[in-house]
Amino acid sequence: QVQLVESGGGLVQAGGSLRLSCTAPGRIFSSSAMGWFRQVPGKEREFVAAISRLVYNTNYADSVKGRFTISRDNAKNTVSLQMGSLKPEDTAVYYCAADRNSGDTGTSRATDAYDQWGQGTQVTVSS
């Protein structure tokens, strides 16, 4: 019963770029702030970026600020993460998530704020 579906993961060399996308049912996407998280083996899930439901406010983790850009296309029910200047430490499984309770401007960094999750897509950055 997967509701959110990520795509675009793969292998890239350090310094390169990669674009991730996530689609969701319209009933979820239109009512939700959207976020990206990542996780590596043995570590807790880490916030990466979020974008609000209505005014496209954004929030980024310090580790990716200036390198990653989150965007959304409400007509296509898609949220994207454009990743540039990639580093080996960016290697992780990346997950998209929907937060239906953040209001018009919220961009929560908390994992437990998000109601729906995708299954993840692997990003590997080689040195």
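Note: hydrogens, waters and symmetry copies are ignored here, and every other heavy atom, side chains too, is used.
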Sequence neighbours excluded, which residues qualify as salt bridge (Lys or Arg N to Asp or Glu O under 4.0 Å) partners of [X]?
X     : answer
Arg19 : none
Arg67 : Asp90
Glu89 : none
Lys65 : Asp62

Practice task
Please test Leu18 against Leu86 for side chain to side chain contact (heavy atoms under 4.5 Å, CB included), starting from the C-alpha separation and ending with a verdict.
Solution key: CA-CA 8 Å; Leu18 201 63; Leu86 283 163; 4.0 Å; yes
Handout entry: Closest heavy-atom pair and its distance - Glu46, Ser63
Key = OE2-OG, 3.8 Å
Determine which pairs satisfy disulfide (SG to SG under 2.5 Å) with at least one residue from [range], sequence neighbours left out, and list them in order.
range           : value
residues 31-92  : none
residues 24-84  : none
residues 61-127 : Cys22-Cys96
residues 33-72  : none

Practice task
Name all pairs fulfilling the ring-ring contact (aromatic ring centres under 6.0 Å, His included) condition that reach into residues 41-87, sequence neighbours left out, sorted by first residue then second.
Solution key: Phe37-Phe47
Handout entry: Set of side chain to side chain contact (heavy atoms under 4.5 Å, CB included) partners for Ser108, sequence neighbours left out
Key = Asp99, Ser102, Ala110, Ala113, Tyr114
Problem - Listed partners of Thr78 passing side chain to side chain contact (heavy atoms under 4.5 Å, CB included), at least two apart - result: Ser21, Thr23, Lys76, Ser80
Exercise for the section: Report yes or no: is the cationic atom of Arg38 (NZ for Lys, CZ for Arg) under 6.0 Å from the centre of the six-membered ring of Tyr95, at an angle within 45° of the ring normal? Expected result: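 No - Arg38 does not lie over the ring of Tyr95 by the 6.0 Å and 45° rule.
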Problem - Other ILVMFWY residues reachable from Val55 by side-chain steps of under 4.5 Å - result: Leu54
Practice task
Output, in order, the C-alpha distance, side-chain angles, deciding distance and verdict of side chain to side chain contact (heavy atoms under 4.5 Å, CB included) for Met83 and Thr69.
Solution key: CA-CA 7 Å; Met83 305 183 294; Thr69 301; over 6 Å; no
Problem - Under 3.5 Å donor-acceptor, Arg72 side chain and Ser52 backbone - result: yes
